[in-house]
Amino acid sequence: MKRQEIYLAGGCFWGTEHFFKLIEGVLETQVGFANGHTEDPTYQEVYTDTTGFAETVRVVYDAERVSLEFLLNMYFKAIDPTSLNRQGHDEGTRYRTGIYYTDEAELPVINKVYAEQQALYSQPLVVEREPLQNFYTAEEYHQDYLDKNPDGYCHLPLELFEFAKKAKPRW
């Protein structure tokens with residue numbers, strides 16, 4: 001097993017986490033806040049849009065079972081990459097989209113997928129591509145939220161979860 005991680009901001013982290021948990025080869029997920037400018041923020045602080053943080057999911061995966069390229073292509077199926085600071089009905093800088101990496105060696109793959117996705121749109125993509133500066137875990141009640149609250153709010157359509165369950169990593 002080759003454990004790797006990537007941090008993905010895709011709007012409300014409840015649905016984004018649930019989506020990635022369903023993908024074969026994903027070992028664990030954790031919701032939190034990335035790339036802001038305060039120490040150890042609470043959800044209430046991040047919700048004010050004054051901390052600079054984005055709701056983000058830490059995705060830990062087995063790189064021998066699923067590639068970063070596959071995960072990023074799946075990520076683009078779960079977001080509107082041309083919508084700035086908004087996904088679904090959720091609006092604010094905390095809901096921006098972003099790919100935050102911890103290893104510079106991942107940048108060529110990130111840039112390749114980004115360029116392929118950009119070719120599908122006439123508008124420019126607004127997905128951040130940056131090194132991870134910081135990540136703070138969200139409160140426990142946010143972790144695995146849709147497992148704990150099956151009828152809870154989610155901006156993602158249910159069909160997308162079925163798609164994630166059936167998706168087979170390609171090499």
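Values reported hereafter were calculated over all heavy atoms of this structure, with side chains retained and with hydrogens, waters and symmetry mates removed.
Remark: Tyr47 engages Tyr43, Arg94, Tyr95 in a side-chain contact (heavy atoms from CB on, under 4.5 Å) (not counting sequence neighbours). Every side chain to side chain donor-acceptor pair (under 3.5 Å) that Glu17 has, sequence neighbours left out, goes to Thr29. Contacts of Asn134 classified as side-chain contact (heavy atoms from CB on, under 4.5 Å), with partners at least two apart in sequence or in another chain: Asn35, Phe53, Tyr136. The side chain to side chain donor-acceptor pair (under 3.5 Å) test applied to Thr137 returns Gln30, not counting sequence neighbours. The side-chain contact (heavy atoms from CB on, under 4.5 Å) test applied to Thr42 returns Gln44, Glu45, Glu139, not counting sequence neighbours. For Thr97, the side chain to side chain donor-acceptor pair (under 3.5 Å) test picks out no residue, with sequence neighbours left out. A search for ring-ring contact (aromatic ring centres under 6.0 Å, His included) contacts involving Phe13 returns Phe33, His142, not counting sequence neighbours. Applying the ring-ring contact (aromatic ring centres under 6.0 Å, His included) test to Phe135 and every residue at least two apart in sequence or in another chain returns Tyr7.
The two residues Val46 and Thr51 come nearest to each other via the heavy atoms CA-OG1, 3.7 Å. In plain terms, the two heavy atoms of Pro81 and Val127 that are nearest each other are CB-CG2, 3.7 Å. Residues Pro169 and Arg65 approach most closely at CB-O, 3.4 Å, considering heavy atoms. Nearest heavy-atom pair across Leu125 and Gln118 is N-OE1, 2.8 Å. When all heavy atoms of Phe20 and Leu71 are compared, the closest pair comes out as CE2-O, 3.7 Å.
With a 6.0 Å radius and a threshold of 12 heavy atoms from other residues, nucleotides or ligands, Glu39 has its CD atom at or below the threshold.
Note that the OH atom of Tyr121 and the CZ atom of Phe76 stand 8.0 Å from one another [nearest 0.5 Å]. Rounding to the nearest 0.5 Å gives a distance of 10.5 Å between OH of Tyr141 and NZ of Lys148. For the atom pair CG of Leu132 and OG1 of Thr102, the computed distance is 7.0 Å after rounding to the nearest 0.5 Å. Here His89 contributes atom NE2 and Cys12 contributes atom SG; the two are 12.0 Å apart, rounded to the nearest 0.5 Å.
A 4.5 Å side-chain heavy-atom check between Asn149 and Trp14 finds every atom pair outside the cut-off. Between Met1 and Leu27 the shortest side-chain heavy-atom distance falls below 4.5 Å. A 4.5 Å side-chain heavy-atom check between Gln4 and Leu68 finds every atom pair outside the cut-off. Between Gln133 and His37, every side-chain heavy-atom pair lies at or beyond the 4.5 Å cut-off. No side-chain heavy atom of Thr56 sits less than 4.5 Å from a side-chain heavy atom of Leu8. Annotation: side chain of Glu91 is not in contact with side chain of Asn85 (no heavy-atom distance under 4.5 Å).
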Verify side chain to side chain contact (heavy atoms under 4.5 Å, CB included) between Ile79 and Gln87, making sure each step is shown before the conclusion.
-> CA-CA 7 Å; Ile79 63 168; Gln87 291 295 302; 3.5 Å; yes
Let me see the working for Val60 and Val26 under side chain to side chain contact (heavy atoms under 4.5 Å, CB included), right down to the final yes or no.
-> CA-CA 6 Å; Val60 179; Val26 171; over 6 Å; no
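If you chain together hydrophobic residues whose side chains sit under 4.5 Å apart, Ile6 and Leu107 fall into the same group. One hydrophobic cluster, built from ILVMFWY side chains closer than 4.5 Å, holds both Tyr75 and Tyr101. Linking Ile, Leu, Val, Met, Phe, Trp and Tyr residues whenever their side-chain heavy atoms come within less than 4.5 Å places Leu120 and Leu72 in a single cluster. Taking hydrophobic clusters as Ile, Leu, Val, Met, Phe, Trp and Tyr residues chained together by side-chain heavy-atom distances below 4.5 Å, Leu146 shares a cluster with Phe19. By the rule that hydrophobic residues join a cluster once side-chain heavy atoms approach within less than 4.5 Å of another member, Val57 and Leu22 end up as members of one cluster.
Listed by first and then second residue, the salt bridge (Lys or Arg N to Asp or Glu O under 4.0 Å) pairs involving residues 126-138 are Arg96-Glu128 (not counting sequence neighbours). Sorted by first and then second residue, the pairs that involve residues 101-122 and meet salt bridge (Lys or Arg N to Asp or Glu O under 4.0 Å), not counting sequence neighbours, are Glu69-Lys112, Lys112-Glu116. Applying the salt bridge (Lys or Arg N to Asp or Glu O under 4.0 Å) rule to pairs touching residues 75-84 yields nothing, sequence neighbours excluded.
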For residues 151-166, tabulate all N or O donor-acceptor pairs below 3.5 Å that involve a side-chain atom, not counting sequence neighbours.
| unit_1 | atom_1 | unit_2 | atom_2 | d |
| --- | --- | --- | --- | --- |
| Tyr153 | OH | Asp90 | OD1 | 3.0 |
| Tyr153 | OH | Asp90 | OD2 | 3.0 |
| His155 | NE2 | Gly10 | O | 3.4 |
| Glu162 | OE2 | Lys165 | NZ | 3.1 |

